[in-house]
Amino acid sequence: QLQLVESGGGLVQPGGSLRLSCAASGFTLDYYSMAWFRQAPGKEREGVSCISSSGGSVNYADSVKGRFTISRDNAKSMVYLQMNSLKPEDTGVYYCAADKWNYCSGFSGYVFLPADFGSWGQGTQVTVSS
């Protein structure tokens, strides 16, 4: 059974950093595109970053470009999101998602949606506040 478990969230001051981790089990991560989404209170879930199955292609929301870095270690069945220079508007629940049929394109303007991903973790809270 495919399972995704996020960790690493917490409370951080503006300008600080956090590293989120997503542990995958029950499937071979090598064949899946992975993504991070987030959802702030009262807002729709939005894509933050995605990475192709090989890790050769990545994409970021404009709001996090230059601050966040997605990576994966297929041998360890792990996906990471390094978040630097955090802002209050980065606050929300962060979800890890996986899909075998979705391809994460690195082209500018590529949009990845929650509906593109079939498997989800339970989420981890990130709060950026002074």
Side-chain angles (χ1 to χ4, degrees):
Q1 181 178 354
L2 190 156
Q3 188 174 15
L4 300 170
V5 179
E6 302 94 335
S7 61
L11 173 64
V12 63
Q13 292 187 341
S17 298
L18 283 175
R19 187 195 196 203
L20 305 184
S21 298
C22 174
S25 62
F27 66 106
T28 303
L29 192 66
D30 305 47
Y31 304 126
Y32 284 72
S33 285
M34 302 296 293
W36 288 95
F37 289 81
R38 67 186 180 189
Q39 189 166 18
K43 294 189 177 181
E44 293 186 354
R45 193 169 297 189
E46 63 173 353
V48 175
S49 181
C50 68
I51 185 168
S52 62
S53 57
S54 67
S57 179
V58 297
N59 211 299
Y60 297 94
D62 287 343
S63 59
V64 307
K65 281 180 182 176
R67 301 188 297 121
F68 290 12
T69 303
I70 191 171
S71 61
R72 63 190 295 160
D73 185 337
N74 287 347
K76 295 183 178 179
S77 293
M78 296 292 295
V79 181
Y80 306 99
L81 185 69
Q82 178 66 44
M83 305 187 296
N84 299 328
S85 302
L86 283 161
K87 304 175 181 180
E89 51 263 44
D90 294 318
T91 294
V93 179
Y94 282 69
Y95 297 91
C96 177
D99 199 86
K100 191 173 184 179
W101 308 110
N102 177 270
Y103 177 72
C104 174
S105 169
F107 286 103
S108 178
Y110 173 73
V111 177
F112 50 102
L113 301 173
D116 296 332
F117 290 82
S119 299
W120 293 82
Q122 83 290 348
T124 185
Q125 177 70 44
V126 172
T127 303
V128 185
S129 175
S130 55

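Hydrogens, waters and symmetry mates are skipped; everything else that's a heavy atom, side chains included, is used.
Sorted by first and then second residue, the side chain to side chain donor-acceptor pair (under 3.5 Å) pairs involving residues 13-32 (not counting sequence neighbours) are S17-N84. Among pairs with a residue in residues 94-115, those fulfilling ring pair (Phe, Tyr, Trp, His ring centres under 6.0 Å) read F37-F112, at least two apart in sequence or across chains. Within the structure, the salt bridge (Lys or Arg N to Asp or Glu O under 4.0 Å) test picks out no pair touching residues 115-130 (sequence neighbours left out). Among residues at least two apart or in separate chains, disulfide (SG to SG under 2.5 Å) pairs with a member in residues 63-101 are C22-C96. Applying the ring pair (Phe, Tyr, Trp, His ring centres under 6.0 Å) definition to pairs two or more places apart or across chains, none involves residues 45-84. Among pairs with a residue in residues 100-130, those fulfilling disulfide (SG to SG under 2.5 Å) read C50-C104, at least two apart in sequence or across chains.
The closest donor-acceptor contact from the side chain of T124 to the backbone of G9 lies under 3.5 Å. Judged purely by atom type and a 3.5 angstrom limit, D73 has no side-chain atom pairing as donor or acceptor with the backbone of M78. Side-chain N or O atoms of S49 include one that pairs as donor or acceptor with a backbone N or O of N59 at under 3.5 Å.
K76 pairs by the side chain to side chain donor-acceptor pair (under 3.5 Å) definition with nothing, not counting sequence neighbours. In terms of the side chain to side chain donor-acceptor pair (under 3.5 Å) criterion, S54 has no residue partners (sequence neighbours excluded). Q39 pairs by the side chain to side chain donor-acceptor pair (under 3.5 Å) definition with R45, not counting sequence neighbours. Every residue meeting the salt bridge (Lys or Arg N to Asp or Glu O under 4.0 Å) condition with K65, not counting sequence neighbours, appears here in chain and number order: D62. By the side chain to side chain donor-acceptor pair (under 3.5 Å) test, S63 is found to be paired with R38, residues two or more places apart in sequence or in another chain being considered. When the side-chain contact (heavy atoms from CB on, under 4.5 Å) test is applied to S130, the partners found at least two apart in sequence or on another chain are P14.
Expressed to the nearest 0.5 Å, how far CG of L113 lies from CD of E46 amounts to 11.5 Å.
Residues P114 and W120 approach most closely at O-CZ2, 3.4 Å, considering heavy atoms. Taking both residues in full, the closest heavy atoms of G118 and D99 are given as N-OD1, 2.9 Å, listed atom of the first, atom of the second, then distance. Pairing each heavy atom of G106 with each of S57, the nearest pair is N-OG, 2.9 Å. What you find for M83 and V126 is that their closest heavy atoms are CE-CG2, 3.9 Å. Minimum interatomic distance between E6 and G123 (heavy atoms only, all atoms of both residues): OE1-N, 2.9 Å.
In terms of hydrophobic clustering, with Ile, Leu, Val, Met, Phe, Trp and Tyr side chains grouped at heavy-atom distances under 4.5 Å, L4 and L20 are assigned to a common cluster. Transitive grouping of hydrophobic side chains (ILVMFWY, heavy atoms separated by less than 4.5 Å) keeps V93 and V48 in distinct clusters.
The side-chain heavy atoms of R72 and L29, taken from C-beta on, include a pair separated by under 4.5 Å. Side-chain contact between R67 and D90 is present, with at least one heavy-atom pair separated by less than 4.5 Å. Within the 4.5 Å cutoff, the side chain of T91 has no heavy atoms near those of the L86 side chain.
Within a 6.0 Å radius of CD in E89, other residues, nucleotides and ligands contribute more than 12 heavy atoms.
Partner of M34 under the side chain to side chain contact (heavy atoms under 4.5 Å, CB included) criterion, out of I70, L81, I51: I51 alone.
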